Amino acid sequence: MSFKKKFALILGTITALGTFGIANVTSEPATAASTKPVTIYLTRHGETTANVMMRVQGWSNFPLTKNGVKVADDLGRGLKNTKFKAAYTGDLTRQTVTAQEVLKYSGNKHVSVSQNKDLREGGYGSFEGDSIAADNNKIAGVYGYKTGDEFMQKTGKDYWNQLQDAYHKLDTQNSQDTKLVKADRAESAKEVQQRMTTELNHIAKTTSKDGGGNVLVVSSGMSINEYLSTMSKKYEGKPLKNAAVTKLVYKNGKLQVSGPIGTLSYVDKGAKTSK
C-alpha cells in the first residue's frame, strides 16, 4: 500500500473516532444533568397575630400565634414521608418559624432554612399595621368601587394584583402623609411578581443542577397569589389559607403547577395523626 493510501486510512480513522466516540461521550451526561426534576412545596405561613387582628402586615414582622405554630406542626406531620433537599423562606419571622416547624415534624430537622427577602410578602409601605377594614373603602375607591366587598367581587381573579397596585398608587401619592423614602413605599404587583418569579426559578435551577428533589418554600398569601396569577391557567384568585400548599414541578427548564392550588390536604392529614 502506498504512503498516500496509508495516510488517508489513518486520517479517516481519526475522524471517525472524533465523530462517533468523543462526541457521544461528552454530550449525553450534560443533557441528563440539566433535566433533573424538582418539586417545590410553595407554602403560606401559619396564622399570625396580624391575621387574627385583621391588620395589614406585609413586610412587618408579626409573630405566629399558638394556633399558627400548631397548623405548621400539622403540616409537617402531613408531610412526614416527604424528604426535603432544601428549604427557603422570606426573611420574616412568620415564614421562617413555619418552615422550621414543618421540617421538625416531617422528619427533616437536618435541613437548614435559607432566607431571602425576595420571598417576602408584598410590601404595603405607609399602610403597614393598618386595620384592613379601615383601609378597605379607600383601596376600593382607587378603582371607583364603593366598598371593599364590591371591589373583590367585581375583580375576581385579578383582585390580589389590583389590591397590591392600589396600595402602591395611594402610597406613591402619599395619601397617608408619611415621610417614608421610596424604597420603603408599597410595591406594585409587577415588582412582587418579578422578585418571586426570579427567586423561585433560581431555586428550581439550583436544585436541578444539584440532582433534583423536593424543596420547601414558605412565603405569604398575597405574594404567592400574585406569582401564581402569572403562570397558571388553574389560578382562580381564591384566598390562600394559612399553611396551604401549592406544588410546583420544575421539568425541562420550566416551573408548572402540579395538582390543586392552595390545598390543606397535608394539614388535614397531619391534624388527624396528632390526635
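Because the structure is predicted, anything quoted here is derived from the model rather than measured.
- Residues V245 and Y235 do not share a hydrophobic cluster, defined by chaining ILVMFWY side chains whose heavy atoms lie under 4.5 Å apart.
- Connection of L200 to Y88 is established within a shared hydrophobic cluster, with ILVMFWY side chains joined at heavy-atom distances below 4.5 Å, either directly or through further cluster members.
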### Query
Should K157 and S229 be marked as a side chain to side chain contact (heavy atoms under 4.5 Å, CB included) after you check the CA-CA gap, both sets of side-chain angles, and the distance that decides it?
CA-CA 8 Å; K157 66 180 183 180; S229 72; over 6 Å; no
### Task
Evaluate the side chain to side chain contact (heavy atoms under 4.5 Å, CB included) criterion for residues T43 and L216: first the C-alpha distance (whole Å), next the side-chain angles of each, then the deciding distance (0.1 Å), finally the verdict.
CA-CA 8 Å; T43 306; L216 176 67; 3.8 Å; yes
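- Remark: the backbone N or O of A189 is paired with a side-chain donor or acceptor of D165 at under 3.5 angstrom.
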### Query
Would Q164 and E226 count as a side chain to side chain contact (heavy atoms under 4.5 Å, CB included) if you check the C-alpha gap in whole Å, the side-chain angles of each, and the deciding distance to 0.1 Å?
CA-CA 9 Å; Q164 184 75 55; E226 290 170 56; 2.9 Å; yes
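- When all heavy atoms are compared, the tightest approach of V71 to A243 is CG2-CB, 4.0 Å.
- Remark: side-chain polar atoms of E101 are not paired, donor with acceptor, to backbone N or O of K70 under 3.5 angstrom.
- Put simply, OG1 on T230 and CD on Q193 are 5.5 Å apart, with the number rounded to the nearest 0.5 Å.
- Y250 and N201 share no donor-acceptor pair across their side chains, judged by distance under 3.5 Å alone.
- Judged by distance alone, the side chain of T246 and the main-chain N or O of G262 form a donor-acceptor pair under 3.5 Å.
- Side-chain contact between L255 and Y227 is present, with heavy atoms from C-beta onward closer than 4.5 Å.
- Within the 4.5 Å cutoff, side-chain heavy atoms of Q162 are placed close to those of F151.
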### Task
Step by step, work out the side chain to side chain contact (heavy atoms under 4.5 Å, CB included) result for N116 and D91.
CA-CA 6 Å; N116 190 302; D91 58 351; over 6 Å; no
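- Scanning both residues, T178 and S126, for their nearest heavy atoms gives OG1-OG, 2.7 Å.
- In the hydrophobic clustering of ILVMFWY residues, with side-chain heavy atoms under 4.5 Å counting as a link, V217 and L228 come out together.
- Put simply, the side chain of R195 gets close to the backbone of D118: a donor and an acceptor are under 3.5 Å apart.
- Within a 6.0 Å radius of NZ in K85, more than 12 heavy atoms belonging to other residues, nucleotides or ligands are found.
- For M53, the CE atom is densely surrounded, since the number of other residues' heavy atoms within 6.0 Å is greater than 12.
- Under the 4.5 Å side-chain criterion, counting only non-hydrogen atoms from C-beta, M231 is not in contact with T197.
- Checking side-chain atoms of R185 against main-chain N and O of D171 turns up a donor-acceptor pair under 3.5 Å.
- Inter-residue side-chain proximity for Q256 and K251 is flagged as unmet; no heavy-atom pair is nearer than 4.5 Å.
- The side-chain heavy atoms of I261 and E236, taken from C-beta on, include no pair separated by under 4.5 Å.
- Cluster membership check: V192 shares its hydrophobic cluster with I139, using side-chain heavy-atom separations under 4.5 Å among Ile, Leu, Val, Met, Phe, Trp and Tyr.
- Here the shortest heavy-atom pairing between L103 and V111 reads CD1-O, 3.4 Å.
- A donor-acceptor pair is defined here as one N or O able to donate and one able to accept, closer than 3.5 Å; such a pair exists between the side chain of E128 and the backbone of W59.
- Considering only heavy atoms from C-beta on, S60 stays 4.5 Å or farther from Y124 through its side chain.
- Scanning all heavy atoms of the two residues, the minimum distance from Y266 to T263 falls at CE1-CG2, 4.1 Å.
- For R44 (side chain) and L240 (main-chain N/O), a donor-acceptor pair under 3.5 Å exists by modelled atom type.
- S274 has its side chain within reach of D74: a pair of non-hydrogen atoms, C-beta onward, lies under 4.5 Å apart.
- Side-chain heavy atoms closer than 4.5 Å link hydrophobic residues (I, L, V, M, F, W, Y) into clusters, and following such links, possibly through other members, connects I203 to V38.
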### Task
Carefully, step by step, assess T207 and D210 under the rule side chain to side chain donor-acceptor pair (under 3.5 Å).
CA-CA 5 Å; T207 308; D210 194 32; over 6 Å; no
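- Once rounded to the nearest 0.5 Å, the distance linking CG of D130 with CG of D135 reads 4.0 Å.
- How far CD of E121 is from CD of Q95: 7.5 Å, rounded to the nearest 0.5 Å.
- Between Q176 and K138, the closest side-chain pair of non-hydrogen atoms falls below 4.5 Å.
- Counting all heavy atoms, side chain and backbone alike, M152 lies closest to P239 at CE-CG, 4.0 Å.
- Summarising the geometry, atom CG belonging to D184 is positioned 11.0 Å from atom CD belonging to E187; distances are rounded to the nearest 0.5 Å.
- Note that OG of S223 is 12.0 Å distant from CD of E199, once rounded to the nearest 0.5 Å.
- In this structure, S188 contributes its side chain and E191 its backbone to a donor-acceptor pair below 3.5 Å.
- The two atoms that bring A50 and Q57 nearest to each other are CB-OE1, 3.5 Å, heavy atoms only.
- Listed for the R55 side chain is a donor-acceptor partner under 3.5 Å among the backbone atoms of G129.
- Put simply, the side chain of N108 gets close to the backbone of F84: a donor and an acceptor are under 3.5 Å apart.
- The CZ atom of R120 lies 15.5 Å from the CE atom of M222; values are rounded to the nearest 0.5 Å.
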